[in-house]
Number of protein chains: 2
Amino acid sequence: MKNTSKHDCKTELRNADLKVTPARLGILGALENTSKPLDIVSLIKYLNISKIKADRVTVFRIINALVIKGLVKPIQFNDGKLRYEHMSKADHHHFICGECGDIEDILECNVEKIEKNIQKKKGVLVKYHSLEFFGLCSRCKK
Amino acid sequence: MKNTSKHDCKTELRNADLKVTPARLGILGALENTSKPLDIVSLIKYLNISKIKADRVTVFRIINALVIKGLVKPIQFNDGKLRYEHMSKADHHHFICGECGDIEDILECNVEKIEKNIQKKKGVLVKYHSLEFFGLCSRCKK
DNA sequence: ATGGTTGCAAACACTTTGCACATGA
DNA sequence: TCATGTGCAAAGTGTTTGCAACCAT
């Protein structure tokens with residue numbers, strides 16, 4: 001019961017028409033086992049720890065493929081780089097402190113309702129949304 | 001009645017402890033006269049049309065100052081570059097088509113309530129938030 | 001076998017920094 | 001006058017592209 005992610009990742013990849021490779025398994029695993037959104041550097045570190053070696057470029061390519069396939073969503077904290085989150089964990093949002101970079105989870109937002117509303121009204125397809133709050137955390141505020 | 005933004009921009013700058021310069025007036029004016037968020041290149045184009053010459057670097061510096069002073073907020077459409085919006089126009093959100101890049105305004109979201117809630121619960125200071133929807137527009141959907 | 005995947009080098013795009021000169025208050 | 005703002009050159013960071021070698025199916 002503890003961790004079936006390895007198997008899940010394989011089927012996830014197959015369902016997305018992506019071949020199963022160590023780097024892809026590692027990246028999906030990283031995103032499933034981590035609570036905070038990960039940037040490319042963090043993903044590479046995770047892979048290194050897991051004894052999986054993968055070039056920076058490969059990580060970018062894998063992440064982009066996962067985003068296109070809808071398995072992963074990109075998040076921007078306005079610091080110039082993208083972070084990524086597994087779709088299954090994308091049901092919450094974030095508060096980002098502009099001073100210390102601290103990230104806190106924000107749970108109590110129901111954007112799905114708005115999302116459906118937009119789809120109906122505008123005739124568009126919403127794949128994902130981003131809702132992030134920027135400011136100063138309780139410590140930096142003072 | 002038509003356009004008092006020039007005067008407003010001056011006082012806006014003074015209130016923010018920023019000296020009044022042509023480039024700064026031009027950038028503030030651009031952001032107040034345009035409905036869609038502008039990236040750096042668009043701002044430079046706008047300045048050129050207004051016969052104001054300013055180096056790319058200067059535009060970055062001015063924008064950063066305006067963001068820090070809270071006059072302008074940055075927006076990310078996940079395409080690798082920041083766009084900027086005047087705070088007085090930041091009361092709506094966006095839908096971005098991942099295929100053609102089309103941007104549509106989304107009006108019907110009341111995030112301010114959530115924002116206040118977060119400030120109270122977490123003891124943080126929320127300066128601004130981002131809420132953007134990503135997907136396919138009605139044309140690209142087909 | 002073969003088409004998708006990877007590594008490496010290089011290019012690209014966006015943004016920041018350092019420093020001398022110019023300018024607004 | 002003098003702190004602040006600007007231009008230019010250069011560097012920094014994040015990301016993409018081209019191509020040959022490699023590997024999963």
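The sequence lines fix the lettering, A, B, ..., with proteins before strands; numbering per chain opens at 1. Quantities reported herein were computed from a predicted structural model and do not represent experimental measurements.
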Please check if the number of heavy atoms outside B/K45 that lie under 6.0 Å from its NZ is greater than 12.
no
Can you check the A/N48 CG to C/dG7 P distance for me, whole Å?
11 Å
Where the side chain of B/L82 is concerned, which of C/dT6, D/dT15, C/dT15 is the nearest nucleotide?
C/dT15
Take atom CG of B/D55 and atom C1' of C/dG18, then tell me their distance rounded to the nearest Å.
14 Å
Options C/dT6, D/dT15, D/dT6, nucleotide nearest the side-chain atoms of B/R24
D/dT6
Given C/dT5, D/dT15, C/dT15, the nucleotide with the shortest approach to the side chain of B/I40:
C/dT15
How close or far is atom C1' of C/dT16 from atom CD1 of B/I68, stated in whole angstroms?
12 Å
Whole angstrom is fine here: how far is it from CG in B/D17 over to C1' in C/dG24?
14 Å
With heavy atoms under 4.0 Å as the rule, sort A/V20 into base, sugar-phosphate or nothing.
sugar-phosphate
Taking the minimum atom-to-atom distance to the side chain of B/K81, which one of C/dC19, C/dT15, D/dG18 wins?
C/dT15
Consider the side chain of B/N64, meaning its heavy atoms from C-beta on, and name the nucleotide among C/dT16, C/dG24, D/dT6 that approaches it most closely.
C/dT16
Using heavy-atom distances to pick each residue's nearest nucleotide on DNA chain C, tell me which of A/R56 and B/R56 is more 5'.
A/R56
If you only use heavy atoms from C-beta on, which nucleotide in C/dG4, C/dC8, D/dG7 is closest to the side chain of B/R61?
D/dG7
Taking CG from B/L25 and P from C/dG24, how many angstroms apart are they, rounded to a whole number?
11 Å
B/D79: which of B/Q76, B/R83, B/K81 passes side chain to side chain donor-acceptor pair (under 3.5 Å)
B/R83
Round to the nearest Å and state the distance from B/L43 atom CG to C/dT15 atom P.
11 Å
Can you tell me which nucleotide in D/dT16, D/dA24, D/dG7 comes closest to the side chain of A/F60?
D/dT16
For atom NZ of B/K116, is the number of surrounding heavy atoms from other residues, nucleotides or ligands below 6.0 Å larger than 12?
no
Name the closest nucleotide to the A/T58 side chain, picking from D/dG14, C/dT6, D/dG5.
C/dT6
Heavy-atom nearest nucleotide on DNA chain C for B/P22 versus B/V57: which residue maps closer to 5'?
B/V57
B/D105 side chain reached by B/K36 side chain, heavy atoms, under 4.5 Å:
yes
Starting at atom CG of A/D39, determine the distance to atom C1' of D/dG14, rounded to an integer number of angstrom.
10 Å
B/I62 has its side chain closest, among C/dT6, D/dT6, D/dT16, to D/dT6
Please say which of A/V20, A/I62, A/L13 ends up in a side chain to side chain contact (heavy atoms under 4.5 Å, CB included) with A/L28.
A/L13
Just how far, in rounded Å, is P of C/dT6 from CG of A/L18?
9 Å
